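Everything numeric here is computed off the predicted structure, so don't read it as measured data. All residue numbers refer to positions in the sequence shown, counting from 1. All values below were derived from every heavy atom in this structure, side-chain atoms included, with hydrogens, water molecules and symmetry-related copies excluded.
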Amino acid sequence: MAPKSDSAEAIVLNFVNEQNRPLNTQNVADSLQKFNLKKAGIQKALDNLADNGKISFKEYGKQKIYLARQDQFDIPNGEELNQMKEKNAQVQQQLNEQKKAISETEGEIRNLQSNLTLEQIRHKEAKLQQEVKEMEEKMVKLRTGVTLVRPEDRKAIQEMCSEKVSQWRKRKRMFKDVWDAITENLPKDLKEFKDELGLEYDEDVGVNLQSFIGLLQHGKKRTRDQ
């Protein structure tokens, strides 16, 4: 007589058949917690099912391992196994194709999300147009000779630059005097000695005092002409 469908034995039997793998009592109890079955009740159900020939079991020391009866399942022959393998390969191929399609779709979605919306495009266009307008206005002023820097600001900048260049020239001369005195009778190679001290000349860092002096003189000449 088959156990009632809602009895502990029926629930356990159904689970063991569905799993169709070796199970111990704890495995079954952990998996059937949703049915509120106690471990002792599950153990009793397993033992009854085994005693009635509904499931198989083997003893390993003090532990019993339960397994669904294999004679209740249709075991495929060689030809059926090959058909199943072919079917599995087809399904696997379809799965791979679906994964590829999903990946491509996700890529397209990411690209669309990275693109600007119509509102963002309009906002950016308005901003660029404003920048172009401002640049065109500056160009018009430059072409018509409009002074973009106030004379007093230009004078202050020129005086500051003149002072810095003057200090540069003074310190450069002081360094040369000290350097000449130190290295006058030095047996070492001067370049190696300079590298040892970590010194850098103007040309080592790409600057030239004379070019700044010329720039200042050119600026003063433009000021006088104006």
Side-chain angles (χ1 to χ4, degrees), residues 30 88-226:
D30 291 341
N88 183 61
Q90 292 174 1
V91 172
Q92 187 63 46
Q93 183 178 353
Q94 292 174 358
L95 177 62
N96 292 336
E97 290 173 354
Q98 289 294 325
K99 286 182 178 179
K100 183 180 178 182
I102 291 171
S103 178
E104 291 174 352
T105 303
E106 288 176 345
E108 291 176 2
I109 291 172
R110 284 193 295 269
N111 288 334
L112 290 172
Q113 289 174 339
S114 65
N115 292 335
L116 297 176
T117 64
L118 182 59
E119 183 180 353
Q120 290 172 328
I121 291 172
R122 287 173 176 167
H123 177 73
K124 190 167 186 178
E125 181 186 16
K127 184 179 178 182
L128 290 173
Q129 286 178 346
Q130 181 62 29
E131 290 177 0
V132 169
K133 183 180 177 182
E134 292 173 358
M135 292 175 68
E136 287 176 344
E137 290 174 354
K138 286 183 179 180
M139 287 182 65
V140 169
K141 290 180 180 179
L142 289 171
R143 286 170 181 165
T144 55
V146 175
T147 303
L148 299 179
V149 180
R150 295 183 303 173
E152 57 268 29
D153 292 338
R154 178 182 296 164
K155 183 180 178 182
I157 293 170
Q158 287 177 340
E159 289 176 353
M160 182 184 66
C161 290
S162 179
E163 171 63 20
K164 300 300 182 184
V165 169
S166 177
Q167 289 292 330
W168 185 355
R169 184 177 354 197
K170 180 179 177 182
R171 292 170 185 270
K172 187 177 179 71
R173 185 169 58 250
M174 290 170 60
F175 169 78
K176 186 176 183 306
D177 292 342
V178 173
W179 180 256
D180 290 344
I182 293 174
T183 60
E184 184 176 1
N185 298 314
L186 191 71
K188 280 189 174 184
D189 179 79
L190 294 185
K191 186 177 184 307
E192 291 182 1
F193 184 51
K194 177 174 78 74
D195 292 340
E196 287 178 10
L197 296 177
L199 298 176
E200 291 180 329
Y201 292 160
D202 293 346
E203 54 269 22
D204 293 332
V205 292
V207 295
N208 183 278
L209 175 60
Q210 197 59 42
S211 66
F212 281 85
I213 294 173
L215 185 63
L216 277 174
Q217 291 174 346
H218 179 69
K220 290 177 180 178
K221 182 175 181 300
R222 283 191 60 187
T223 304
R224 288 196 298 272
D225 293 342
Q226 291 176 357

Undergrad: Can you find a heavy atom in the side chain of Glu106 that is under 4.5 Å from one in the side chain of Arg110?
TA: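 Yes. Closest side-chain heavy atoms under 4.5 Å.
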Undergrad: To the nearest 0.5 Å, what is the distance between CG on Asp195 and CG on Asp204?
TA: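 CG of Asp204 is found 8.0 Å from CG of Asp195.
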Undergrad: Has Thr105 got a side-chain atom pairing as donor or acceptor with Ala101's backbone, closer than 3.5 angstrom?
TA: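 The answer is yes, because a donor-acceptor pair under 3.5 Å joins these two groups.
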Undergrad: List the steps and the verdict of side-chain contact (heavy atoms from CB on, under 4.5 Å) for Lys124 and Gln120.
TA: CA-CA 6 Å; Lys124 190 167 186 178; Gln120 290 172 328; over 6 Å; no
Undergrad: So, taking the atom named NZ in Lys194 and the one named NZ in Lys191, what distance separates them when rounded to the nearest 0.5 Å?
TA: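 Output value for this atom pair is 6.0 Å.
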Undergrad: Any donor-acceptor pair under 3.5 Å linking the side chain of Asn96 with the backbone of Gln93?
TA: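 Such a contact is absent between Asn96 side chain and Gln93 backbone.
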Undergrad: Any chance you could measure Leu186, atom CG, to Glu192, atom CD, to the nearest 0.5 Å?
TA: 10.5 Å
Undergrad: Could you give the side-chain donor-acceptor pairs of residues 173-183 under 3.5 Å, partners two or more places apart or in another chain?
TA:
from: Lys176; atom 1: NZ; to: Asp180; atom 2: OD2; distance (Å): 3.0
from: Thr183; atom 1: OG1; to: Trp179; atom 2: O; distance (Å): 2.7

Undergrad: Could you work out, with side chain to side chain contact (heavy atoms under 4.5 Å, CB included) as the rule, every residue matching Lys127, not counting sequence neighbours?
TA: Glu131
Undergrad: Given the rule in the side-chain hydrogen bond (donor to acceptor under 3.5 Å, both in side chains) test, do Gln98 and Gln94 qualify, once you have shown the distances and angles that lead to the verdict?
TA: CA-CA 6 Å; Gln98 289 294 325; Gln94 292 174 358; over 6 Å; no
